[in-house]
Amino acid sequence: MEKIVEVDHLLDNHEGRIKQLEVNDLDKEKRLRAVEQSYLKLENTILQENRDTRLLFQNTIQNQWELIKSRDIAVENDKSRNYDLAKSNLERRTELAMKLLGTGGLLYLCIQSLLEWMSK
């Protein structure tokens with residue numbers, strides 16, 4: 001009978017240890033689920049930040065290209081304006097020279113003054 005009592009005691013001991021292991025297993029499972037949820041939240045946060053950073057870089061690059069294009073347009077406009085200004089100045093000078101020399105009035109006066117001076 002002692003063996004039966006001893007076996008009952010061992011069974012009770014095993015049952016208690018099994019219950020304790022089940023409780024510990026449930027606790028570990030809860031902690032593991034909490035870790036998984038935290039991991040998912042962290043992963044979502046990282047993905048969102050990565051998306052935001054990518055959008056920021058894309059916007060920055062797009063703004064830089066727009067600035068480069070506007071700078072190039074400004075340089076072309078400046079060259080065109082300088083060309084038009086030089087062309088206008090040349091046209092005015094040419095027109096003035098043509099008026100002075102075309103009618104012959106100034107040339108005639110110069111030649112007449114030179115001849116009068118030489119004849120004296």
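Since we're looking at a predicted model, the values are computed, not measured. Note that the numbering runs from 1 along the sequence shown for the chain.
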Going by atom type alone, with no hydrogens or angles, which donor-acceptor pairs under 3.5 Å involve a side-chain atom of residues 31-44 and a protein atom two or more places apart or on another chain?
| unit_1 | atom_1 | unit_2 | atom_2 | d |
| --- | --- | --- | --- | --- |
| Arg33 | NH2 | Glu29 | OE2 | 2.5 |
| Ser38 | OG | Ala34 | O | 3.0 |
| Asn44 | ND2 | Leu40 | O | 3.3 |

How far does [atom1] of [X] sit from [atom2] of [Y], to the nearest 0.5 angstrom?
X      : Y      : atom1 : atom2 : answer
Gln112 : Glu116 : CD    : CD    : 5.0 Å
Ile68  : Asn63  : CD1   : CG    : 11.0 Å
Gln62  : Phe57  : CD    : CZ    : 15.5 Å
Asp27  : Glu22  : CG    : CD    : 13.5 Å

Do Ile18 and Val23 belong together in a cluster built from hydrophobic side chains that touch within less than 4.5 Å?
no
Restricting to pairs with a member in residues 76-90, which pass side-chain hydrogen bond (donor to acceptor under 3.5 Å, both in side chains), not counting sequence neighbours?
Asp78-Arg81, Asn89-Arg92
N/O donor-acceptor pairs under 3.5 Å from side chains in residues 47-56, not counting sequence neighbours:
| unit_1 | atom_1 | unit_2 | atom_2 | d |
| --- | --- | --- | --- | --- |
| Gln48 | OE1 | Arg51 | NH1 | 2.7 |
| Gln48 | NE2 | Asp52 | OD1 | 3.0 |
| Thr53 | OG1 | Glu49 | O | 2.8 |

